[in-house]
Colleague: 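First, the structure itself, so that you have it in front of you.
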Amino acid sequence: MIVEHAILQVRLGQSAAFEAAMVEARPLIAMQPGFRSIEVRKSDDDPERYLLLVVWDNIESHRDGFRKSTEYQHWRALLHPFYDPMPVVNYYGRSILS
């Protein structure tokens, strides 16, 4: 199991539209093989910053599965226009505390 992590910086004044688009986009990722869960948290410090956490069975489920799927093209069309700058995605493995 891995956790995909990204900080999503949304263009000024676009938070409400981004949140609506994320609700629309959620089913596109949720249907992917290897998907376990998604969480999007709004920053208390910056109303245009969000934390994205997606749990996958493995990195390949995201990179070689979702990112190469037709659903990802729709995901991109819905969400990528909101980002400034484009987010950097990182992957994290097992917890060192478990």
Side-chain angles (χ1 to χ4, degrees):
M1 180 179 77
I2 61 104
V3 177
E4 171 194 354
H5 164 281
I7 301 296
L8 310 176
Q9 191 66 44
V10 173
R11 295 178 189 281
L12 187 62
Q14 295 294 305
S15 291
F18 167 73
E19 290 177 18
M22 183 58 77
V23 169
E24 185 178 345
R26 186 189 188 288
L28 299 169
I29 195 170
M31 68 175 29
Q32 298 304 307
F35 170 87
R36 291 194 180 191
S37 66
I38 185 171
E39 212 176 318
V40 181
R41 294 180 176 237
K42 189 169 187 163
S43 171
D44 286 339
D45 301 321
D46 178 345
E48 275 83 30
R49 188 178 340 144
Y50 297 80
L51 170 65
L52 171 71
L53 298 170
V54 184
V55 179
W56 296 96
D57 286 344
N58 50 53
I59 292 172
E60 294 78 18
S61 294
H62 180 242
R63 286 192 313 214
D64 302 331
F66 182 50
R67 284 251 177 117
K68 294 181 179 176
S69 71
T70 56
E71 291 83 11
Y72 180 70
Q73 299 310 312
H74 190 192
W75 171 278
R76 275 183 61 172
L78 284 170
L79 299 173
H80 285 203
F82 291 104
Y83 304 144
D84 186 26
M86 285 301 294
V88 174
V89 173
N90 293 287
Y91 302 99
Y92 297 86
R94 70 172 182 81
S95 170
I96 61 170
L97 300 177
S98 52

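The structure displayed is predicted, hence computed values, not measured ones. Numbers for residues simply follow the sequence, beginning at 1.
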Colleague: If you measure from CZ on R63 to CG on N58, what distance do you get to the nearest 0.5 Å?
Modeller: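 That separation rounds to 9.5 Å.
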Colleague: Assess whether atom CG of N90 is packed by more than 12 heavy atoms of other residues, nucleotides or ligands within 6.0 Å.
Modeller: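 Yes, CG of N90 has more than 12 neighbouring heavy atoms, counting only those of other groups under 6.0 Å.
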Colleague: Taking C-beta and beyond as the side chain, do Q9 and D46 meet within less than 4.5 Å on heavy atoms?
Modeller: yes
Colleague: Looking at every heavy atom in both A6 and P87, which two are closest together, and how far apart are they?
Modeller: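 Distance-wise, the nearest heavy atoms are CB-CB, 4.2 Å.
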Colleague: What distance do S61 atom OG and E4 atom CD have between them, rounded to the nearest 0.5 Å?
Modeller: 11.0 Å
Colleague: Provide the closest heavy-atom pair for F66 versus S69 in the form atom of the first, atom of the second, distance.
Modeller: O-OG, 2.7 Å
Colleague: So, for F82 and Q14, which heavy atoms are closest and what is the spacing to 0.1 Å?
Modeller: CE2-OE1, 3.6 Å
Colleague: Do F35 and L52 land in one hydrophobic cluster if side-chain heavy atoms of ILVMFWY residues count as linked below 4.5 Å?
Modeller: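 The answer is yes; both residues are in one hydrophobic cluster.
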Colleague: Is any side-chain heavy atom of I29 less than 4.5 Å from a side-chain heavy atom of E71?
Modeller: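 Counting from C-beta outward, I29 and E71 never come under 4.5 Å.
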Colleague: Indicate yes or no for a side-chain donor-acceptor contact from E24 to the backbone of A20 under 3.5 Å, with no hydrogens or angles considered.
Modeller: no
Colleague: Hey, what's the ring geometry for Y72 with H80, parallel, tilted or perpendicular (30° and 60° as the breaks)?
Modeller: perpendicular
Colleague: Considering only heavy atoms from C-beta outward, does the side chain of M22 approach that of W75 to under 4.5 Å?
Modeller: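 Heavy-atom side-chain distance check passes, below 4.5 Å.
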Colleague: Are V54 and V23 joined in one hydrophobic group, where the rule is that I, L, V, M, F, W and Y side chains link up if heavy atoms are under 4.5 Å apart?
Modeller: no
Colleague: List the atom of Y50, the atom of S15, and the distance in Å for their closest heavy-atom pair.
Modeller: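 Closest pair (atom of Y50, atom of S15, distance): OH-CB, 3.3 Å.
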Colleague: Is the backbone of P81 close enough, under 3.5 Å, to the side chain of R11 for a donor and an acceptor to pair up by distance?
Modeller: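 Flag set: sc R11 to bb P81 pair under 3.5 Å.
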Colleague: To check you understand the geometry: which heavy-atom pair defines the closest contact between I2 and I59, and what is its length?
Modeller: CG1-N, 3.7 Å
Colleague: State plainly whether one hydrophobic cluster holds both V89 and L78, where clusters connect Ile, Leu, Val, Met, Phe, Trp and Tyr through side-chain heavy atoms under 4.5 angstrom apart.
Modeller: yes
Colleague: What heavy-atom pair brings Q73 and R67 nearest, and what distance separates the two atoms?
Modeller: NE2-O, 4.4 Å
Colleague: I'd like to know if L28 and I38 are part of one continuous hydrophobic network [Ile/Leu/Val/Met/Phe/Trp/Tyr, side-chain heavy atoms within less than 4.5 Å].
Modeller: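 In one cluster: yes.
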Colleague: Transitively linked via ILVMFWY side-chain contacts under 4.5 Å: I7 with M86?
Modeller: no
